[in-house]
**Q** 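Please find one structure pasted underneath; my questions will follow.
Chain letters run A, B, ... following the sequence lines, proteins first, then strands; residues in each count from 1.
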Amino acid sequence: MGVDIGDILEKRQVGLDDLAHRTVAIDGYNTLYQFLSIIRQRDGTPLKDSRGNITSHLSGILYRMTNLFEAGIKPVFVFDGKPPDFKADTISQRNKSREEARTKWDEAKEKGLSEEAYKYAQASSKVDTRIVEDSMQLLDFMGIPCVQAPSEGEAQTAYMVNKGDADYSASQDYDSLLFGALRVVRNLTITGKRKLPGKNVYIDVEPESIDLMQNIKLLDIDRQQLIGIALCVGTDYNKGLKKVGPKTALKLIKQHGSIHKVLEHRGEAIDELDAKIDFFLNPPVTDAYELKWKPPQKEKIVDFLCKQHDFSEERVLKAVDRLEKAGKQRSQQTLDQWF
DNA sequence: CTTAACGA
DNA sequence: TCGTTAAGG
């Protein structure tokens with residue numbers, strides 16, 4: 001998922017101090033997917049309430065947003081709207097892989113292959129309507145603003161950064177750079193623990209920022225060429241050229257000058273190429289949002305999480321207290337938010 | 001993922 | 001106090 005151009009990008013490690021007082025526009029889909037796939041029991045089952053509803057994402061939101069808030073960061077969630085038509089293949093491929101993973105999960109469980117089972121359990125994660133809706137509900141109760149993007153969330157976060165409404169686009173994917181986001185932050189977590197793919201090993205990960213203009217300059221290319229590199233490697237809208245990773249793609253684009261020339265030279269084609277390039281350059285975005293952080297509604301959070309979804313009241317109250325304290329501290333210092 | 005509990 | 005491990009819902 002997402003475009004694999006990380007290897008050619010210059011990243012800067014950042015501490016949470018660097019992000020204090022900064023607004024980060026979070027790619028909602030990306031974050032929820034991460035929560036759903038990672039917050040699980042050892043057998044692969046996600047957290048669920050007594051009625052069988054998945055709650056992993058609610059746990060992730062509650063604790064991570066509390067931590068970010070405590071660090072003085074102003075988070076905004078941005079949710080996807082209608083995807084472009086040329087994303088249809090990717091979407092149906094994802095649905096297919098997810099269905100397959102679901103079957104393989106059951107098979108592995110029966111055979112007692114726990115590591116296999118866990119892997120397929122993760123791959124069967126789905127950000128469905130209910131997941132999005134109750135995430136928005138919880139965020140609203142926590143006083144964190146949400147933005148509904150007309151199309152791709154990462155395009156909207158890019159727009160908000162470049163307009164000056166946000167300081168960073170936050171996602172694990174690099175796609176918002178293709179939409180022109182000037183600053184991107186990855187690994188936006190407090191306790192940076194990430195599971196190495198395949199192995200059962202966890203490594204520490206620090207938040208890192210990526211500066212678009214610095215990278216454009218360093219690579220000695222322009223934005224169109226960066227998009228060209230992405231299209232060579234493969235994006236959510238196209239498959240990518242065979243055996244071409246980011247380094248080869250960079251070489252090809254620099255050698256031939258443009259994605260059009262690269263394709264011409266190789267005798268290959270990408271469907272609706274110009275429409276896709278234009279989509280990265282001029283995606284649908286909206287100004288219809290208001291960024292306002294409000295005090296958490298303690299009773300509503302407790303009712304929602306504890307009464308309706310079986311969270312421990314002790315844990316939830318502790319998190320809400322931290323949230324309240326962080327907000328009060330902030331409004332005393334800066335006087336800008338929370339009213 | 002994040003917190004809480006536990007043992008060195 | 002810190003690193004490891006289990007539990008959370």
Side-chain angles (χ1 to χ4, degrees), chain A residues 1-2 14-16 19 24 26-73 75 77 105 114-115 117-128 130-135 137-139 141-142 144 170-173 185-208 296 300-326:
Chain A
M1 225 190 304
V14 288
L16 288 172
L19 299 171
V24 292
I26 299 173
D27 176 6
Y29 178 89
N30 187 268
T31 302
L32 294 184
Y33 184 83
Q34 217 90 15
F35 286 153
L36 292 181
S37 73
I38 288 161
I39 305 179
R40 285 169 185 271
Q41 301 173 156
R42 305 132 134 321
D43 68 350
T45 317
L47 302 186
K48 291 178 185 174
D49 63 23
S50 56
R51 290 181 299 178
N53 298 311
I54 292 174
T55 55
S56 298
H57 56 303
L58 299 177
S59 178
I61 288 172
L62 176 71
Y63 297 119
R64 185 179 295 177
M65 290 309 112
T66 300
N67 284 335
L68 294 186
F69 226 79
E70 217 165 38
I73 296 167
F77 259 71
W105 179 15
S114 56
E115 210 156 303
Y118 195 94
K119 190 176 76 183
Y120 289 121
Q122 284 193 305
S124 69
S125 308
K126 177 177 165 65
V127 180
D128 61 22
R130 197 191 60 81
I131 299 281
V132 172
E133 278 173 2
D134 51 33
S135 295
Q137 180 81 266
L138 177 58
L139 288 163
F141 291 154
M142 291 176 78
I144 293 164
S171 177
Q172 287 309 102
D173 294 343
V185 62
R186 303 179 73 240
N187 307 334
L188 190 62
T189 59
I190 307 301
T191 67
K193 283 263 164 91
R194 173 115 342 104
K195 191 173 180 290
L196 248 40
K199 291 286 183 199
N200 214 355
V201 181
Y202 285 80
I203 52 155
D204 286 349
V205 281
E206 293 273 295
E208 60 188 25
K300 287 189 174 167
I301 295 172
V302 170
D303 178 76
F304 183 64
L305 292 180
C306 305
K307 302 275 162 51
Q308 295 185 49
H309 294 297
D310 304 318
F311 276 63
S312 142
E313 192 157 318
E314 189 193 350
R315 284 185 176 216
V316 170
L317 284 174
K318 196 176 273 186
V320 176
D321 281 346
R322 286 171 54 207
L323 202 55
E324 280 179 335
K325 215 161 276 168

**Q** Distance alone, cut at 3.5 Å: any donor-acceptor contact between the side chains of Ser171(A) and Asp173(A)?
**A**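 Result is no, nothing qualifies.
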**Q** Just wondering, do Ile39(A) and His57(A) contact through their side chains at under 4.5 Å, heavy atoms?
**A**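 Counting from C-beta outward, His57(A) and Ile39(A) never come under 4.5 Å.
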**Q** Over all strands shown, is Arg322(A) touching base, sugar-phosphate only, or nothing at heavy-atom distances under 4.0 angstrom?
**A**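 Touches sugar-phosphate only.
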**Q** Check Thr55(A), Asp49(A), Asn53(A) against His309(A) for a side-chain hydrogen bond (donor to acceptor under 3.5 Å, both in side chains) and give me the one that passes.
**A**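 One option only clears the test, and that one is Asp49(A).
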**Q** Nucleotides 6-9 of chain C: which of its N/O atoms have a protein N/O under 3.5 Å away?
**A**
from: dA6(C); atom 1: OP2; to: Arg42(A); atom 2: NH2; distance (Å): 2.4
from: dA6(C); atom 1: O5'; to: Arg42(A); atom 2: NH2; distance (Å): 3.2
from: dG8(C); atom 1: O6; to: Arg40(A); atom 2: O; distance (Å): 3.2
from: dG9(C); atom 1: OP1; to: Ser312(A); atom 2: N; distance (Å): 3.0
from: dG9(C); atom 1: O3'; to: Thr55(A); atom 2: OG1; distance (Å): 2.9
from: dG9(C); atom 1: O3'; to: His309(A); atom 2: O; distance (Å): 2.7
from: dG9(C); atom 1: O6; to: Gln41(A); atom 2: OE1; distance (Å): 3.4
from: dG9(C); atom 1: N1; to: Gln41(A); atom 2: OE1; distance (Å): 2.5
from: dG9(C); atom 1: N2; to: Gln41(A); atom 2: OE1; distance (Å): 3.2
from: dG9(C); atom 1: N2; to: Pro46(A); atom 2: O; distance (Å): 3.4
from: dG9(C); atom 1: N2; to: Lys48(A); atom 2: N; distance (Å): 3.4
from: dG9(C); atom 1: N3; to: Lys48(A); atom 2: N; distance (Å): 3.0
from: dG9(C); atom 1: N3; to: Lys48(A); atom 2: O; distance (Å): 3.0

**Q** Using whole Å, what does the distance between atom C1' of nucleotide dA4(B) and atom CG of Leu62(A) come to?
**A**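 Result: 15 Å.
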**Q** Lys318(A) has an atom NZ; how far is it from atom C1' of dT2(B), in whole Å?
**A**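 Whole-Å distance recorded here is 13 Å.
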**Q** For a 4.5 angstrom cut-off between non-hydrogen side-chain atoms, does Asp303(A) reach Phe141(A)?
**A**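 Counting from C-beta outward, Asp303(A) and Phe141(A) never come under 4.5 Å.
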**Q** When you compare the side chains of Arg40(A) and Ser125(A), does any donor N or O come within less than 3.5 Å of an acceptor on the partner?
**A**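 Short answer, yes.
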